[in-house]
Structure formats: C-alpha cells, structure tokens
Amino acid sequence: MLEVIKNRRCIRTYLNKRVEEEKIIEVIKAGMQAPSSKNASPWEFIIVDDSELLEKLSTTHHRSVHVKNAPICIVVLANKDKFIKAGKWIQDLGACTENLLLESVNQGLGACWVGVFPKKKLVNKVRETLNIPENLIPYALIPIGYSEEKNIFIDKFDEDKIHRNKFNI
Ligand SMILES: Cc1cc2nc3c(=O)[nH]c(=O)nc-3n(C[C@H](O)[C@H](O)[C@H](O)COP(=O)(O)O)c2cc1C
C-alpha cells in the first residue's frame with residue numbers, strides 16, 4: 001500500500017506557520033488529477049488564507065471549529081455547468097477531495113476533510129461567507145497546515161468486510 005494512504009490521518013491542530021504556495025498548488029494539482037465520470041472534472045477550488053474568513057468558515061458547524069487555526073483552507077466546489085450525468089458529480093468530488101488529502105500528506109502537511117454538502121444550511125453558510133456564485137456548490141472545507149500531530153498508520157483492515165462471489169440466501 002502507498003505510504004500516504006497508510007499514514008493519512010485527519011489532522012485538526014496546526015502550527016502558526018505559513019504553508020508555501022508551491023505546496024498548495026501541488027495539493028490542488030493532485031485534486032484535479034482525480035478520475036471523474038465522463039472526465040467531467042467538475043471541480044473548482046478557493047484558497048482561503050484571510051484570517052477573518054477562516055474564522056467565519058470555522059463557524060460553519062460544530063465540527064469545523066479547527067478551521068480557524070489553520071493557515072490555509074481549500075474550499076472544494078462543484079461546478080454545475082460541468083455536470084454531465086445526473087448525480088455522478090458527488091462521486092467525482094469525493095475522489096478529488098481524497099486526492100487533496102493524500103497529496104497534503106505527501107507534502108509533509110496535515111489536513112482534514114470537513115463536510116459541507118449535502119446539508120443545505122451549511123452549503124448556504126459557506127456560499128454567503130465567500131460570495132460563491134449559484135453555479136458553484138460548496139462541497140467540503142480542507143484546512144491544511146504544518147502540525148505537531150503526525151500522519152501515522154492506524155490499521156483499519158477488517159476481513160469481515162470482504163465478500164466473495166455471491167451472498168448465500
Ligand atoms: C464526508 C466526510 C465528512 C467529514 N466531516 C468532518 C467534519 O466536519 N469535521 C471533522 O473534524 N472531520 C470530518 N471528517 C473526518 C472524519 O471524522 C475522519 O476521516 C474519520 O474520523 C477517520 O479518521 P482518519 O481520517 O484520521 O482516518 C469527515 C470525513 C468525511 C469523509
């Protein structure tokens with residue numbers, strides 16, 4: 001298994017240290033490299049590094065408080081104008097978001113997936129905070145930073161979740 005897959009953890013504490021722009025771009029490049037249905041690539045990104053906006057984003061819901069302590073937050077958006085097959089975009093954006101997390105680990109950073117979509121209230125809150133136009137749907141917040149917390153391997157393997165051929169009835 002790839003080391004970044006093994007070791008990736010949701011990191012929720014961050015050092016007060018700037019993250020290099022080149023690293024953020026590498027992370028976003030990884031997001032854009034994700035597979036998507038019909039290669040629609042229906043994603044867009046906002047890089048938020050303004051402390052007032054980070055503070056506002058951290059109030060999105062009760063599990064987003066750590067966003068205010070991150071030096072940077074990538075807001076992952078879905079672009080409705082790029083939707084080709086109904087509903088497939090949700091899977092496309094999931095693949096893209098996982099790539100952002102894995103490349104963050106590769107860059108020596110800590111990151112966390114903070115859910116926004118599908119709760120309308122949360123989608124609207126993020127939209128209002130960042131003046132996001134109607135054709136773009138806020139999907140997730142990814143706070144990223146250097147951290148004292150380490151990305152470490154936790155074994156999640158569970159043989160009971162593997163099935164072969166068909167279920168017996
Ligand atoms: C769709 C989704 C939404 C999530 N939302 C949040 C969230 O709002 N806040 C948070 O702190 N973690 C959130 N997480 C992170 C999970 O809590 C975390 O992945 C899980 O506890 C397993 O820990 P690990 O990522 O370190 O393996 C989310 C993860 C996913 C995939």
Side-chain angles (χ1 to χ4, degrees), residues 1-16 19 23-24 27-28 30-37 41-49 51 53-80 83 87-130 132 136-162:
M1 199 190 303
L2 289 176
E3 285 300 303
V4 288
I5 294 177
K6 269 171 87 172
N7 297 335
R8 183 213 53 79
R9 297 274 66 81
C10 266
I11 302 286
R12 300 181 177 86
T13 57
Y14 313 99
L15 295 172
N16 186 10
V19 176
K23 291 199 170 193
I24 295 301
V27 168
I28 291 177
M32 292 186 186
Q33 213 54 39
S36 60
S37 174
S41 309
W43 37 66
E44 308 245 346
F45 309 88
I46 310 176
I47 301 170
V48 178
D49 60 3
S51 53
L53 291 176
L54 288 166
E55 174 86 40
K56 275 195 190 159
L57 287 175
S58 76
T59 67
T60 304
H61 57 85
H62 72 287
R63 296 186 72 215
S64 58
V65 274
H66 51 292
V67 171
K68 65 171 177 281
N69 302 321
I72 213 153
C73 180
I74 297 175
V75 182
V76 187
L77 308 164
N79 186 346
K80 285 187 196 174
F83 293 178
K88 289 285 167 75
W89 70 270
I90 300 170
Q91 293 155 79
D92 302 340
L93 268 284
C96 165
T97 304
E98 175 67 355
N99 273 12
L100 296 176
L101 297 178
L102 293 176
E103 183 57 28
S104 298
V105 178
N106 191 41
Q107 294 295 332
L109 299 162
C112 180
W113 183 323
V114 173
V116 176
F117 183 86
K119 282 203 176 152
K120 268 202 176 131
K121 197 175 143 200
L122 311 185
V123 167
N124 290 339
K125 224 169 158 181
V126 174
R127 184 185 297 293
E128 276 165 32
T129 302
L130 303 177
I132 297 168
L136 301 177
I137 304 167
Y139 178 81
L141 310 176
I142 313 293
I144 302 179
Y146 288 98
S147 179
E148 269 174 2
E149 271 181 89
K150 294 274 167 277
N151 283 296
I152 46 153
F153 178 53
I154 294 172
D155 196 351
K156 298 189 186 188
F157 182 71
D158 181 352
E159 208 172 351
D160 295 343
K161 293 182 178 176
I162 303 174

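Residue indices begin at 1 and follow the sequence shown. In each ligand, atom 1 is the first atom listed, and ligand 1 is the first ligand listed.
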Which residue and heavy atom of the protein sit nearest atom 9 (N) of ligand 1, plus the separation
R63 O, 2.8 Å
What orientation do F117 and W89 show, parallel under 30°, tilted 30 to 60°, or perpendicular over 60°?
perpendicular
Measure the distance from atom 14 (N) of ligand 1 to every protein heavy atom, then report the residue, atom name and distance (to 0.1 Å) of the closest one.
W113 O, 2.9 Å
Where do E103 and A30 come nearest, in terms of heavy atoms and distance?
CB-CB, 3.4 Å
Which atoms of ligand 1 are found less than 4.0 Å from any heavy atom of H61?
8 (O)
V114 and side-chain contact (heavy atoms from CB on, under 4.5 Å): which partner among V75, I142, L141, V126?
L141
Assess whether atom CG of N16 is packed by more than 12 heavy atoms of other residues, nucleotides or ligands within 6.0 Å.
no
Shortest protein heavy-atom distance from atom 11 (O) of ligand 1, along with the residue and atom involved:
R12 NE, 2.7 Å
Considering residues, nucleotides and ligands other than K56, do more than 12 of their heavy atoms fall under 6.0 Å from its NZ?
no
Looking at ligand 1, does any of its N/O atoms fall within less than 3.5 Å of an N/O of C10?
yes
Distance under 4.0 Å to a non-hydrogen atom of R8: what atoms of ligand 1 satisfy this?
24 (P), 25 (O), 27 (O)
Looking at C112, which atoms of ligand 1 are within less than 4.0 Å of one of its heavy atoms?
10 (C), 11 (O), 12 (N)
Does the protein place any heavy atom closer than 4.0 Å to atom 22 (C) of ligand 1?
yes
Examine the side chains of Y14 and K68 and answer whether a donor and an acceptor come within less than 3.5 Å of each other.
no
Taking only non-hydrogen atoms of K156 and a 4.0 Å limit, the atoms of ligand 1 in range are 22 (C), 24 (P), 27 (O)
For G115, take its heavy atoms, then give the atoms of ligand 1 lying under 4.0 Å from any of them.
3 (C), 4 (C), 5 (N), 6 (C), 7 (C), 8 (O)
CD (Q33) with more than 12 external heavy atoms under 6.0 Å
no
